[in-house]
Amino acid sequence: MLSKPYQEIKRLRSGGQTQRAYALLSSSPPASDEDAFEAVLCLQVCGDNKSAFNVCRTRAWKAAWARDITSALATFLNSGNASEAVPTARQAANASSAPDVHAVYLTLLHADGQIEAADDHMQRHFQQPPSNETFLLSVLTQIAAAVSDWEAAYRHACSVLAADPQNFRALITLSIVNQVMGNHHEALGNALRARFADQASPEAALHVMRCYNGIGDWYAAIGAFNMLTEQAPATADMRVELGAAYAGLDQHALAASALQEALNTNGPHRLLTLRALIALYANAHDVAQVRILAERYRADIENDIESQLSLGLERLQHGDLDGAEARFDATFALARTQQIALNTLPWPVPEPRLRHSHEQLELLAQRGKLDTAGLEALAVLRRHHDRNADVEQRYAPAGIEGEKLQRALTAPHYIPDRRFDGRALGDNDYGAIENQYFNSKPAMVVIDNFLSPDALARLREYCEEASIWDMNYERGYVGALLARGFSPRVLLTIAHELRLAMPRVIGNLPLLQAWAFKYDQRQQGINMHADFAKVNINFWVTPDSACANNTKGGMVIYDVPAPASWTFMDYNTNQSKMMAYLKVHNAQSTRVPYRANRCVLFDSSLIHITDELHFKPGYENRRINVTLLYGRARSVG
């Protein structure tokens, strides 16, 4: 048990009053192992690692737990080798229930990269950690963040800050958590407080820049970089953020310079930097630099979906459909190898997701397009599917049956022939369509007979049969992405012909993303939102006979754009904010009813929503829309 002086030292240390705690140490010699261990922790927290090491090595420790934990800590302080220190620290944690002993052990596990072991120890011993143990809570915060348990990380960090409002580690972690959760302004506040707590910290400066970029405040991010001093020099990660800020301002040369400097140093940032550079040069049409990067960093790129995607989009922009197709095939192969569909599958599985997969495999079986593995997957889905089940039903069978269900829902059971060599767009006067687009307020044009009959049939077949629908959404609809299988040749041809057909509307704007959504007839579609692009191409491929109400079923577009200052969360998910904005500005809406092969071309910053859905039951009657987004217009942080 701590003596009274050391109880006060711990109270001060836990409350962030480190200088007062440090001053008391010199006037209060430790009376026990507990006191001496508190002295070690206080010295370390105050940055006096030399004195902490000396106490660990020179004191005649009496208790075995004290000898073990201080020996482990001394090893780490001396050499930085956590691997060597962990076994001894584990002995101490097994022998003592003292929270600070476990905190040191967890710190060493974390430093050694044994995150799963640290999380397991945390789960077994500290489901409800003491609220006054700020050192332990700080460590638990970091571990929870490392395993992406954002709720626990948030809870622990808040507990730390309740006792120590200027705790640097808790503020940094809370900034990370809030940014992941989309609370960008709160994340910025946490980062600014962390920087105030430690002006010389490069980590705090990095997070301030990252948060400014997250809300699209590019100048503030650059300003934060310019405020760096010799005490907090620029790191490679900061140069990545600087490059992102300059790119946001379309200052390509300055962005490239910052990113190239970051790329010249090794570290975890390297792949992120490479991705950003490839995208930057591709969007600037700098073919030579793209090729240099593709050749120089071939090994990195071959195993990275984002880099391959950027290179595919770059090839598509230059009309090299074969090259683009090869890159997108590579991203799909990587997605399968990395089991992205399995790793992102909600568990328990929502009923609409299981229903879609069951209906799709039933169709493929009827068409004779399932192999033995596909038929086995269908048998698994049949065991769980109930056509009368409610949309709120969820499924999570245990053991082997659960693994079978997961595989049945995520394996690519069938991919149709992706070839296409005909004309993709229908017969339309695109010069007149461009004029209408520029003269319309809001900027919006409806194009009927958008695709040629052959292209429409091939794309519809691909959407019906390709088992690539691995994106899951709350309202029961499923999605397919360009990098994860939604890249048939007909889609690439559509994107290419649109660029040629509309040089004034699309022209050199890069294609940023392509996706498709397929809807559950029992539910409604996508909520009110805007998109991050400049131009939105949205078209529908399900037959007209599927729509039970031909006055609705398409989309509703409002005549006011989301403000450029809004964050992604503001214009993508904050329904009440968008509704208030529309009301204040007396926004008027345009309803575009559903028609097969109808395209809506519009300014992507306009707030829009899926119209009421009234589609007949049955898999082939599911509403399918395809979206192509050209040219970045706002932040997606």
Side-chain angles (χ1 to χ4, degrees), residues 150-151 154 177-189 211 214-217 344 346 350-353 390-392 394 442-444 471-479 481 512-513 515-536 538 540 549 552-594 600 602-615 623-625 627 629 632-637:
W150 306 118
E151 182 178 340
Y154 187 92
V177 172
N178 276 311
Q179 196 161 33
V180 168
M181 296 172 67
N183 301 325
H184 293 288
H185 290 94
E186 189 173 350
L188 175 60
C211 290
I215 60 175
D217 195 343
T344 57
E351 192 277 341
R353 172 64 190 275
D390 185 82
V391 294
E392 299 300 325
R394 302 180 81 87
M444 181 188 74
M471 301 291 289
N472 313 281
Y473 298 91
E474 285 186 4
R475 289 192 168 192
Y477 58 94
V478 293
L481 289 178
L512 301 178
Q513 186 55 274
W515 61 61
F517 291 133
K518 193 185 298 183
Y519 300 82
D520 188 309
Q521 292 94 328
R522 301 165 299 168
Q523 297 182 275
Q524 291 304 306
I526 303 173
N527 272 327
M528 186 181 295
H529 68 286
D531 290 304
F532 55 83
K534 291 183 179 178
V535 177
N536 191 314
N538 194 302
W540 306 310
N549 184 343
K552 297 181 179 178
M555 65 191 309
V556 176
I557 303 176
Y558 292 88
D559 61 354
V560 294
S565 61
W566 281 13
T567 67
F568 180 79
M569 296 296 290
D570 289 332
Y571 67 76
N572 195 261
T573 62
N574 194 332
Q575 299 296 296
S576 60
K577 184 170 185 174
M578 283 182 279
M579 291 175 67
Y581 179 77
L582 294 175
K583 184 176 181 179
V584 167
H585 288 272
N586 193 30
Q588 303 300 305
S589 64
T590 299
R591 167 174 275 129
V592 182
Y594 183 87
V600 187
F602 63 101
D603 176 349
S604 200
S605 66
L606 295 173
I607 295 174
H608 52 283
I609 186 172
T610 303
D611 198 3
E612 293 178 27
L613 299 184
H614 301 278
F615 282 71
R623 178 187 188 271
I624 300 172
N625 75 271
T627 299
L629 298 180
R632 189 175 302 283
R634 58 190 65 235
S635 168
V636 292

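All residue numbers in this chain count up from 1 along the given sequence.
Applying the salt bridge (charged side-chain N to carboxylate O under 4.0 Å, His left out) rule to R522 yields the partners E351, D520; only residues at least two apart in sequence or on another chain are considered. In this structure K552 satisfies the salt bridge (charged side-chain N to carboxylate O under 4.0 Å, His left out) test together with E612, sequence neighbours excluded. With sequence neighbours excluded, the residues that form a salt bridge (charged side-chain N to carboxylate O under 4.0 Å, His left out) with D611 are R591.
Looking at heavy atoms from C-beta onward, N574 lies out of side-chain contact with W566 at the 4.5 angstrom threshold. Here the side chains of W540 and V592 are in contact, with some heavy-atom distance below 4.5 Å. L582 places a side-chain heavy atom less than 4.5 Å from the side chain of V560. No side-chain heavy atom of N625 sits less than 4.5 Å from a side-chain heavy atom of M555.
Between the side chain of R475 and the backbone N or O of Q523 there is no donor-acceptor pair closer than 3.5 Å.
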Audit row: Q179, H184, side chain to side chain contact (heavy atoms under 4.5 Å, CB included) steps and yes/no
CA-CA 5 Å; Q179 196 161 33; H184 293 288; 3.8 Å; yes

Evaluation steps, side chain to side chain contact (heavy atoms under 4.5 Å, CB included), between T610 and Y519
CA-CA 11 Å; T610 303; Y519 300 82; 4.2 Å; yes

Between Y154 and N183, is a side chain to side chain contact (heavy atoms under 4.5 Å, CB included) present by the stated rule, with each step listed?
CA-CA 12 Å; Y154 187 92; N183 301 325; 5.7 Å; no

Where do H608 and V600 land on the side chain to side chain contact (heavy atoms under 4.5 Å, CB included) test, with the steps shown first?
CA-CA 11 Å; H608 52 283; V600 187; over 6 Å; no

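Atom OH in Y558 sits 14.5 Å away from atom NE2 in H585 (nearest 0.5 Å). Going from atom CD1 of I624 over to atom OH of Y477 covers 15.0 Å, rounded to the nearest 0.5 Å. Between the CZ atom of R632 and the NZ atom of K534 there is a distance of 11.0 Å, given to the nearest 0.5 Å. In this structure, CG on L629 lies 9.0 Å from CG on N538, to the nearest 0.5 angstrom. Atoms CD1 and OG1, on I526 and T627 in that order, are 7.0 Å from each other to the nearest 0.5 Å. With rounding to the nearest 0.5 angstrom, the OH atom of Y571 is 10.5 Å from the CE atom of M578.
N572 and Q575 get closest at one heavy-atom pair: O-NE2, 4.4 Å. Closest heavy-atom contact between P442 and L606: CB-CD1, 3.5 Å. What you find for G553 and L613 is that their closest heavy atoms are O-CD2, 3.8 Å. Taking all atoms of both residues into account, the shortest heavy-atom contact from S604 to A533 is CB-O, 3.2 Å.
Neither side chain, N549 nor Y594, offers a donor N or O lying under 3.5 Å from an acceptor on the other.
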